[in-house]
Number of protein chains: 2
Amino acid sequence: MTIYDISEKAGVSIATVSRVLNGSNNVSEKTKKKVLDVINQYEYTPNAFARGLGLNTMKTIGIMCADSSDLYLAKAIYYIEQKLRANGYDSILCCTGYDLATKASSMNLLITKKVDGIILVGSNFIYEKEEDNKYITDASAQVPVMLLNAAMDAPNVYSVVSDDFTSMYDATMEMIRSGVEDILYFYNSTSYSGKKKLAGYRAAMEEKGLLTNGSFLQLYQGSHEDIPAMADQLKKLHAKGISFHGVIAADDSLALGALKYGREMGLRIPEDLSIIGYNNSMLVSCCDPELTSIDNKLETLCQHLITTLMGVLEGNEMPKKTVFSGELVKRGTTK
Amino acid sequence: MTIYDISEKAGVSIATVSRVLNGSNNVSEKTKKKVLDVINQYEYTPNAFARGLGLNTMKTIGIMCADSSDLYLAKAIYYIEQKLRANGYDSILCCTGYDLATKASSMNLLITKKVDGIILVGSNFIYEKEEDNKYITDASAQVPVMLLNAAMDAPNVYSVVSDDFTSMYDATMEMIRSGVEDILYFYNSTSYSGKKKLAGYRAAMEEKGLLTNGSFLQLYQGSHEDIPAMADQLKKLHAKGISFHGVIAADDSLALGALKYGREMGLRIPEDLSIIGYNNSMLVSCCDPELTSIDNKLETLCQHLITTLMGVLEGNEMPKKTVFSGELVKRGTTK
DNA sequence: TTGAAAGCGCTAACAC
DNA sequence: GTGTTAGCGCTTTCAA
């Protein structure tokens, strides 16, 4: 069933059918109804390819994320996908993994598919070396690129980020204020946002004269789902004689690892060990005591990101970078 | 850059370029190289719309899931998306929510986009009433429809499921064998797979003559992320005077809710309360003690689903329904 | 082994 | 308010 069939059955030209299809005003109510009737009768739907060929847009946005099974990223995808649809756009999802080459080729693939824009979810898409970010600027030459929780200054690239530095700074300050001074920083990523978080912790510790040598920075490199491995890492640290009464984690799962460590060592929480997590995910309430965590307002970020993208696609001038504040949500793992 | 530009620069016709592009044999090595050189030089990539117009396929599979922020579904999506890409297919993701009308319209949208197949992730897409499943058979008239963890007997619909009945039956038997007889069944879904699970529990209880009135079946209807609410529901039950020493949950998050309940009531786990979860997700290890749970081999299911889909798309005869066995993974919440 | 040309189904500029 | 027609970029016969 094509537009020709419809035009024939309705006794009009294909142009008229097309006008009806696209909601043009220049059609009389009578013919409009006539055409619509035929369309409904035959359950006709226009061919998206043909439409795309002419318009060179498919009303589709490419979403890239490293790993959709990561709680935080999954949630972001959920929000983004919904809000896109509300705006009449579809989404193609690409789970790229953490390898640069794969990211670059996924990007190309999306461009090939003629997406109207690309959203990079998570900060791991931005690299230290400028040349490693070339795949992004290459893409942004074709379509707008949106970064969620990452930032990059380049034409046609827009960033929406949570103020991780301040969130971490505030959280650290709060813990110090509560009387804990030997605070371990437990993290798993040195991405854009990872660095901001770390810097926030350092700034607070330094300000209070508590910054010691590197052993209070613990980088975890295992699977983001393997809580026991996280706990083990802290246990090894303890065995080495390094003691701490506070843990600030860059992710809720790491905080759970710290909690598990505390339990296994027979520590009282939060008296012997205070813990703060990050993301305020569902994980905060699945443990005992419940986790104090930083809420970085993911839904707000996503909403703003989509609003910005829609603005860009309509040709409006939009802010290149937007920063939202996080919020510390206190629960049982802090005093 | 179009095929015309390339043909001009290479000094051949567009047909020859097209042949090179599509790996036809009927091109001399010399012209092939000539064309390839130009293509590489200009970083030309064919326009997917134009190609799709002629071929009427975009090498794209539609994935529908109710909620990509659900741990289990997110993981499934991750596997599926990766395996599709490995087969040269892209995916369009639609998070439909749990409303039938939205599901149906998402389905239409995917058909409109000319996807080559549709994968329904999760059992909530199948309804009791046959007429409510019409949107599936409508779609399967156009493209193959794959069901993950749901089953339906219709032309061009293929099902890959975990044997939830047996898994639950075995788990229940195991708990009874360990000496626990007052076992509460805690569930949140009456979907296809939800029913199978429930039936497994019932069958085991009945066989042992332990089936009592309905109060041992607890349906939770809140958010899948709200562990405290799950615990509360059990607390209310307890307050009503209903006692139980075992909980079998249809999902790990519900099991965590039971665990939280146990803690708050001061029960020893597993001595006073045994708990078994379902899915063997990352949640099993984030609590203390760790959760005994049923592994339903999600990655295997996904792999098989994709293999089947690829077979169908190639025109091969493929199995309409495949069933895999789950496995009880014992941890600290059971004796 | 190669080229010419006819679609694929739609949109939009232009003519009436 | 409606119709005619020229593309959009590619694949695929059919001829040569």
Side-chain angles (χ1 to χ4, degrees), chain A residues 1-39 42-60 88 90 108-109 111-116 142-143, chain B residues 1-39 42-60 88 90 108-109 111-116 142-143:
Chain A
M1 190 62 51
T2 77
I3 200 170
Y4 291 95
D5 300 320
I6 300 297
S7 74
E8 191 179 321
K9 294 188 201 300
V12 298
S13 74
I14 59 163
T16 302
V17 178
S18 179
R19 288 193 187 96
V20 171
L21 245 25
N22 295 289
S24 163
N25 305 317
N26 302 325
V27 188
S28 73
E29 276 306 318
K30 209 164 53 182
T31 45
K32 188 173 192 167
K33 181 176 175 348
K34 196 166 57 181
V35 172
L36 243 24
D37 283 349
V38 178
I39 287 178
Y42 292 90
E43 293 189 345
Y44 160 78
T45 50
N47 181 311
F49 295 154
R51 179 173 265 167
L53 226 203
L55 264 50
N56 216 32
T57 161
M58 196 87 149
K59 286 271 221 179
T60 302
D90 295 320
N108 276 328
L109 189 142
I111 299 280
T112 304
K113 293 269 171 181
K114 296 279 180 193
V115 294
D116 302 299
Q142 318 258 348
V143 293
Chain B
M1 190 63 50
T2 76
I3 201 170
Y4 290 95
D5 300 320
I6 300 297
S7 74
E8 192 178 318
K9 294 189 202 297
V12 298
S13 75
I14 58 162
T16 302
V17 177
S18 179
R19 288 192 187 98
V20 172
L21 245 25
N22 295 290
S24 163
N25 306 316
N26 302 325
V27 188
S28 74
E29 276 306 318
K30 209 163 55 182
T31 44
K32 188 173 192 169
K33 179 173 176 350
K34 198 165 55 181
V35 172
L36 244 22
D37 283 349
V38 178
I39 287 178
Y42 291 90
E43 294 189 344
Y44 161 78
T45 50
N47 181 310
F49 295 155
R51 177 172 267 164
L53 227 203
L55 265 49
N56 217 33
T57 161
M58 197 87 150
K59 286 272 227 178
T60 302
D90 295 319
N108 276 329
L109 189 142
I111 298 280
T112 305
K113 294 269 170 182
K114 296 279 181 192
V115 295
D116 301 297
Q142 317 258 350
V143 293

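Every chain is numbered from 1, with letters handed out A, B, ... down the list of sequences.
With sequence neighbours excluded, the residues satisfying side chain to side chain contact (heavy atoms under 4.5 Å, CB included) with B/Thr112 are A/Thr45. Residues passing the side chain to side chain contact (heavy atoms under 4.5 Å, CB included) test with A/Ser18 are A/Ile3, A/Asn22, sequence neighbours excluded. Looking at residues two or more places apart in sequence or on another chain, you find a side chain to side chain contact (heavy atoms under 4.5 Å, CB included) between B/Lys114 and A/Asn47, A/Phe49, B/Asn56. Residues passing the side chain to side chain donor-acceptor pair (under 3.5 Å) test with B/Asp37 are B/Lys33, sequence neighbours excluded. Residues passing the side chain to side chain contact (heavy atoms under 4.5 Å, CB included) test with B/Ala48, sequence neighbours excluded: B/Met58. Partners of B/Thr31 under the side chain to side chain donor-acceptor pair (under 3.5 Å) rule, at least two apart in sequence or in another chain, are B/Ser28.
For the pair B/Ile39 and B/Leu21, the minimum side-chain heavy-atom distance is below 4.5 Å.
B/Val20 and B/Lys32 get closest at one heavy-atom pair: CG2-CA, 4.1 Å. A/Leu109 approaches B/Asp90 most closely through the heavy-atom pair CD2-OD1, 2.9 Å. Of all heavy-atom pairs between A/Ile14 and A/Tyr4, the closest is CG2-CD2, 3.5 Å.
Atoms OH and CE, on B/Tyr42 and B/Met1 in that order, are 6.5 Å from each other to the nearest 0.5 Å. For the atom pair CD1 (A/Ile6) and OG1 (A/Thr16), the distance works out to 13.0 Å, reported to the nearest 0.5 Å. The distance from atom CG of B/Leu53 to atom CZ of A/Arg51, rounded to the nearest 0.5 Å, is 12.5 Å.
Counting any heavy atom pair closer than 4.0 Å across all strands shown, B/Ser18 reaches a base atom. When heavy atoms are screened at a 4.0 angstrom cut-off, A/Phe49 is found touching no nucleic acid atom at all.
Among residue pairs with one or both ends in residues 3-28 of chain A, none qualify as salt bridge (charged side-chain N to carboxylate O under 4.0 Å, His left out); sequence neighbours excluded.
For the residue pair B/Asp116 / B/Thr57, a side-chain donor-acceptor distance below 3.5 Å is found, with atom types taken as modelled.
Taken residue by residue, residues 7-16 of chain A places heavy atoms nearer than 4.0 Å to DNA chain D at A/Val12, A/Ser13, A/Ile14, A/Ala15, A/Thr16. Scanning residues 19-33 of chain A for heavy-atom distances under 4.0 Å to DNA chain C yields A/Arg19, A/Asn22.
When each of A/Ala50 and B/Arg51 is assigned the nucleotide of DNA chain D bearing its nearest heavy atom, the one mapping closer to the 5' terminus is A/Ala50.
Rounded to 10°, the helix from C/dT1-D/dA16 to C/dC16-D/dG1 has 40° between the axis fitted to its first five pairs and the one fitted to its last five.
When DNA chain D is scanned 5' to 3' for any atom under 4.0 Å from a heavy atom of chain B, the first and last hits are D/dG9 to D/dT13. With a cutoff of under 4.0 Å to any heavy atom of chain B, the contacted region of DNA chain C is bounded 5' to 3' by C/dT1 to C/dG9.
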